[in-house]
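Just below is one structure, and these are the notes that go with it.
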Amino acid sequence: MLLGELVPIGGGDPIPLLKDKLLVGRRPECDIVLGFKNVSSHHSELELIDGHWLVSDLDSRNGTKINGVRVSRKWAFPNDQIAFAKHKFELVYTAEGDAPPAIEGAETADVFSQSLLEKAGLMRRKPQRPPRRPSDQPAQEVAMAANSDSDDSIALEWLSDVDED
């Protein structure tokens with residue numbers, strides 16, 4: 001019974017997901033064998049629970065990502081992008097039910113955390129810079145701010161010394 005597919009991004013044959021628990025790695029005994037040096041021997045595990053795929057990284061050296069974000073254990077939704085090291089796949093399946101079950105340690109997606117453009121990979125959110133604190137100002141600016149009263153008084157004295165004819 002076909003439970004979904006991993007479709008290689010950039011081309012290649014889809015990998016059928018035929019069991020509800022699959023080991024992904026470089027070793028021949030893995031259910032999904034990815035014979036690349038940057039894929040760990042036992043890289044990740046995919047587990048179908050109540051109609052949703054749970055992706056668990058098995059402490060791999062090069063990590064597992066879902067939609068570009070490195071994860072340790074997270075739910076993958078239909079058409080999410082999963083990367084094992086640098087090898088990217090689209091997870092194609094039909095989810096059952098509204099939401100995956102709550103499992104300790106499994107991250108759930110906040111549907112409002114990304115815009116549709118970000119979700120589609122067309123735009124990246126720029127990191128927000130924290131507000132600048134006075135201690136972050138260059139020393140010259142701090143010195144100028146400290147001397148501003150004296151600078152003002154010097155300027156006023158100079159202006160008052162102007163001869164009026």
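The first residue of the sequence shown is numbered 1, and numbering continues consecutively from there. Basis for what follows: all heavy atoms, side chains included, without hydrogens, waters or symmetry-related copies.
Within the structure, the ring-ring contact (aromatic ring centres under 6.0 Å, His included) test picks out no pair touching residues 6-28 (sequence neighbours left out). Judged as a ring-ring contact (aromatic ring centres under 6.0 Å, His included), not a single pair has a partner in residues 2-26 (not counting sequence neighbours). Screening residues 2-33 for ring-ring contact (aromatic ring centres under 6.0 Å, His included) gives no qualifying pairs among residues at least two apart or on separate chains.
The side-chain contact (heavy atoms from CB on, under 4.5 Å) search around Asn62 returns Asn38, Ala85, not counting sequence neighbours. Listed by chain and residue number, Arg27, His42 satisfy the side-chain contact (heavy atoms from CB on, under 4.5 Å) test with Glu29 (two or more places apart in sequence, or in another chain). In this structure, the ring pair (Phe, Tyr, Trp, His ring centres under 6.0 Å) partners of His87, at least two apart in sequence or on a different chain, are Phe36. With sequence neighbours left out, Val33 forms a side-chain contact (heavy atoms from CB on, under 4.5 Å) with Cys30. Every residue meeting the side-chain contact (heavy atoms from CB on, under 4.5 Å) condition with Lys88, not counting sequence neighbours, appears here in chain and number order: Ile9, Gln81, Ala83. Residues satisfying the salt bridge (Lys or Arg N to Asp or Glu O under 4.0 Å) criterion with Asp20, sequence neighbours excluded, are absent altogether. For Ser40, the side chain to side chain donor-acceptor pair (under 3.5 Å) test picks out no residue, with sequence neighbours left out. Contacts of Lys19 classified as side chain to side chain donor-acceptor pair (under 3.5 Å), with partners at least two apart in sequence or in another chain: Asp31.
Under the 4.5 Å side-chain criterion, counting only non-hydrogen atoms from C-beta, Leu6 is not in contact with Trp53. Between Leu91 and Asn79, every side-chain heavy-atom pair lies at or beyond the 4.5 Å cut-off. For the pair Leu46 and Ile32, the minimum side-chain heavy-atom distance is below 4.5 Å.
Of the possible polar contacts, one joining the His43 side chain to the Gly63 backbone as a donor-acceptor pair under 3.5 Å is found.
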